[in-house]
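To start, the structure under review is shown below, and the notes come after it.
These values consider heavy atoms only, across backbone and side chains, with no hydrogens, waters or symmetry-generated copies. Being a predicted model, the structure only gives us computed values, none of them experimental. Whatever order the structure lists them in is the order used to number ligands and atoms, beginning at 1.
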Amino acid sequence: MRLVLLGPPGAGKGTQAALLSEKLNVPHISTGDLFRANIGEGTPLGVEAKQYIDAGKLVPTDVTARMVKSRLAEADAAQGFLLDGFPRTVEQAEILKTLLEENSQQLDGVLNFKVSEDVVVERMLARGRADDNEETIRTRLAVYRDETSPLIDHYGEKIINVEAEGTVEEINARALNSLGK
Ligand code: ADP
């Protein structure tokens, strides 16, 4: 299965992706996790990405797309994937489409995690990651509204809505149910 996970920052996509990845037996590919690993290792890509991430801004698309392309080329992604954090703009969605088409592949669906802004702010402040201070949270929510949420219309009938408020188990059950599992 080839799925994209969509939702505002703090929607709990990462948590749900980890659970779904086990059930569906496909790798969870998170651009945020890939960036953080690169930052941890001090790679040139990590050094470049860090300034944007710390400011709550999007890392430039060419940098991000290169990283995603090489990750999708790894053997474990051949049979499917859960893509978490990419695409984040319509431009990135077009790049993903082209990448998949090169391998005669397409997305099976786009899980859209729906959650109110109050809840996401609460969740982000609670997890306390380095980029989770009030100012960057505000910036990231604005980036989501302006650049990422248009993907809901862009993907149209590929969108599978999941109500993402409640316990981790409840949301996981809803996500699986919406996938017919
Ligand atoms: P969250 O779940 O809070 O959105 P992520 O771990 O998905 O956090 O992303 C953290 C940061 O990594 C983003 O704020 C952004 O700076 C950068 N990032 C992640 N994915 C992308 C992407 N597709 N394009 C550009 N920047 C990205």
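At a heavy-atom cutoff of 4.0 Å, ligand 1 is surrounded by P9, G10, T31, G32, F35, R36, I53, K57, L58, V59, T64, G85, F86, R88, Q92, R127, R129, D131, R140.
Between the side chain of D132 and the main chain of L125, no donor-acceptor pair closer than 3.5 Å is present. Side chain of T148 to backbone of R88: a donor-acceptor contact under 3.5 angstrom is found. K13 places a side-chain N or O within donor-acceptor distance of the main-chain N or O of G7, the cut-off being under 3.5 Å. In this structure, R138 contributes its side chain and E135 its backbone to no donor-acceptor pair below 3.5 Å. Looking at Q16, its side chain does come within 3.5 Å of a backbone N or O of N172 through a donor-acceptor pair.
Taking 4.5 Å as the limit, every side-chain heavy atom of L3 sits out of range of all side-chain heavy atoms of L107.
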